Amino acid sequence: MSVHKNHPYHLVDVSPWPILGSLGAMTFLMGLIKWFHFFKNDLMFLGMLIMLLVMYQWWRDIVRESTFQGLHTFNVTMGLRWGMILFITSEVFFFISFFWGFFHSSLSPSVEIGMMWPPKGIIPFNPIEIPLLNTLILLTSGLTVTWAHHSLMENNFNQALQGLMFTVILGIYFTMLQGYEYLEAPFTISDAVYGSSFFMATGFHGMHVIIGSTFLLVCLVRHYYNHFSSIHHFGFEAAAWYWHFVDVVWLFLYISIYWWGS
């Protein structure tokens, strides 16, 4: 492929990762079906391994293109920014569907659940125990990621490293507390529409926290290896946007499902 071009955009080289990633995802989903029906998870783990290997190598190539080859020009970065904005917008609507289902069921409880909310027999979580602690943890992590971002823009390497480290630790701590909460839950996902709404909304949010923590952990490693500068760090900026989105969704979850819904 010729390196000479008359446009400011980056056209990627031929890559095996899209087709291999698709095959990995298909293997993973077929493995899920096999696990559900035959209680054998070997194919699912194979698909997961393929996807993880593809993700590592694909993102390694993108880091190489952006950091060492200088292919992420201003126009390319603007395209990435709009891509991230649209992705987060799609995630907002994804969670709106869960809130819609929750309020539809809670504001007008059907006769099948006794016309009351929470349904009879459901013991909801106390909102001023672990849920409140998790709220404080996520709000604090929003402060630390902002601290890291401003430190990076001011070329303060150590403070950016510390801010990112604290954010990742707080994200892992949140996940551990939510896992403990699930283990101690007095109801399950099959306990009426309350259980379904609760575990679908909080479970998908928990998955987003794990993804965001991984995103920030990768940024922490990249920052340690000096991949970011004060004016060229969109990888970190995208992670910070995503983390703030996760924070805001949790606030709505806490207020509506844990506090008002209980």
Side-chain angles (χ1 to χ4, degrees), residues 10 17 21 24 48-72 74 76-85 87-88 91 133-180 203-251:
H10 168 44
W17 308 131
M48 197 182 296
L49 178 64
I50 294 170
M51 285 197 299
L52 287 172
L53 289 172
V54 168
M55 282 191 287
Y56 172 78
Q57 293 171 99
W58 198 345
W59 291 335
R60 175 207 61 191
D61 288 353
I62 294 170
V63 168
R64 184 185 294 143
E65 290 165 0
S66 64
T67 309
F68 302 112
Q69 295 178 326
L71 296 174
H72 283 195
F74 176 77
V76 174
T77 306
M78 287 304 295
L80 292 172
R81 284 175 182 274
W82 276 110
M84 193 67 193
I85 289 168
F87 169 67
I88 290 175
E91 293 282 280
L133 176 58
N134 267 345
T135 303
L136 294 173
I137 288 168
L138 275 191
L139 288 176
T140 306
S141 72
L143 291 175
T144 56
V145 78
T146 304
W147 168 35
H149 189 197
H150 282 268
S151 299
L152 187 57
M153 288 190 292
E154 293 169 6
N155 272 326
N156 192 325
F157 180 88
N158 288 329
Q159 287 205 16
L161 192 72
Q162 290 167 15
L164 266 172
M165 202 177 299
F166 281 127
T167 309
V168 171
I169 291 169
L170 288 168
I172 294 169
Y173 186 31
F174 176 94
T175 302
M176 290 169 62
L177 283 173
Q178 191 173 37
Y180 174 74
F204 268 109
H205 176 268
M207 190 175 77
H208 281 72
V209 171
I210 293 170
I211 293 167
S213 301
T214 308
F215 201 171
L216 288 165
L217 181 62
V218 171
C219 289
L220 176 64
V221 174
R222 290 190 64 196
H223 177 62
Y224 180 77
Y225 286 110
N226 279 309
H227 286 186
F228 299 132
S229 72
S230 60
I231 57 170
H232 195 86
H233 55 262
F234 178 67
F236 170 74
E237 213 168 344
W241 290 357
Y242 188 82
W243 196 250
H244 288 308
F245 156 73
V246 167
D247 280 355
V248 172
V249 170
W250 175 258
L251 284 176

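As a basis for the values below, the full set of heavy atoms in this structure was taken, side chains included, without hydrogen atoms, waters or symmetry mates. Fair warning: this is a prediction, and the values are worked out from it, not measured in the lab.
- For His149 and His233, the ring centers are positioned less than 6.0 Å apart.
- Taking CG from Leu177 and CD1 from Ile172, the interatomic distance works out to 12.5 Å, rounded to the nearest 0.5 Å.
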Q: Would you sort out whether Val63 and Asp61 count as a side chain to side chain contact (heavy atoms under 4.5 Å, CB included), showing the intermediate values?
A: CA-CA 5 Å; Val63 168; Asp61 288 353; over 6 Å; no
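- More than 12 heavy atoms of other residues, nucleotides or ligands sit less than 6.0 Å from atom CZ of Phe245.
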(Q) As a quick check of understanding, evaluate side chain to side chain contact (heavy atoms under 4.5 Å, CB included) for Leu164 and Leu216, giving each step before the final call. (A) CA-CA 7 Å; Leu164 266 172; Leu216 288 165; 3.8 Å; yes
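- Atom CE of Met84 and atom CD of Glu91 lie 8.5 Å apart (nearest 0.5 Å).
- Considering all non-hydrogen atoms of both residues, Ala160 and Ser151 come closest at N-CB, 3.5 Å.
- For the atom pair CD1 (Ile231) and CG (Asn155), the distance works out to 9.0 Å, reported to the nearest 0.5 Å.
- Contact of the Leu139 side chain with the Leu251 side chain is registered, since non-hydrogen atoms from C-beta on lie closer than 4.5 Å.
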Q: Begin with the C-alpha distance, continue with both residues' side-chain angles, and end with the deciding distance and a verdict on side chain to side chain contact (heavy atoms under 4.5 Å, CB included) for Leu133 and Tyr173.
A: CA-CA 10 Å; Leu133 176 58; Tyr173 186 31; 4.1 Å; yes
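- The distance from atom CH2 of Trp147 to atom CG of Leu143, rounded to the nearest 0.5 Å, is 11.0 Å.
- Atom CZ of Phe157 sits in a crowded spot, with more than 12 heavy atoms from other residues, nucleotides or ligands closer than 6.0 Å.
- Looking at heavy atoms from C-beta onward, Ile211 lies in side-chain contact with Tyr242 at the 4.5 angstrom threshold.
- The side chain to side chain contact (heavy atoms under 4.5 Å, CB included) test with Val209 is passed by exactly one of Thr175, Thr214, Leu170: Thr175.
- Aromatic ring centres of Phe234 and His72 lie farther apart than the 6.0 Å criterion allows.
- Partner Phe228 forms a side chain to side chain contact (heavy atoms under 4.5 Å, CB included) with one of His223, Glu237, Met153 and no other, that one being His223.
- Within the 6.0 Å centre-distance limit, the rings of His227 and Phe68 are counted as a close aromatic pair.
- Interatomic distance, OG1 of Thr77 versus NE2 of His232, reported as 5.5 Å (0.5 Å rounding).
- Side-chain contact check for Trp243 and Thr167: no donor-acceptor pair (N or O, by modelled atom type) lies under 3.5 Å.
- Residues Thr146 and His244 are in side-chain contact: their nearest non-hydrogen atoms beyond the backbone lie under 4.5 Å apart.
- Here the side chains of Ser141 and Asp247 are in contact, with some heavy-atom distance below 4.5 Å.
- There is no side-chain donor-acceptor pair under 3.5 Å between Gln57 and Trp17.
- Using modelled atom types, no side-chain atom of His208 and backbone atom of Gly203 make a donor-acceptor pair closer than 3.5 Å.
- Leu80 CG to Ile85 CD1: the interatomic distance, rounded to the nearest 0.5 Å, is 11.0 Å.
- Residues Cys219 and Gly235 share a closest heavy-atom pair of SG-O, 3.7 Å.
- His205 is listed as a side-chain neighbour of Leu138, based on a closest heavy-atom distance under 4.5 Å.
- At least one side-chain heavy atom of Arg81 sits under 4.5 Å from a side-chain heavy atom of Trp241.
- No side-chain heavy atom of Phe215 sits less than 4.5 Å from a side-chain heavy atom of Ile210.
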Q: Apply the test side chain to side chain contact (heavy atoms under 4.5 Å, CB included) to residues Thr67 and Arg222: give CA-CA distance (whole Å), side-chain angles for both, the deciding distance (0.1 Å), then the verdict.
A: CA-CA 10 Å; Thr67 309; Arg222 290 190 64 196; 2.9 Å; yes
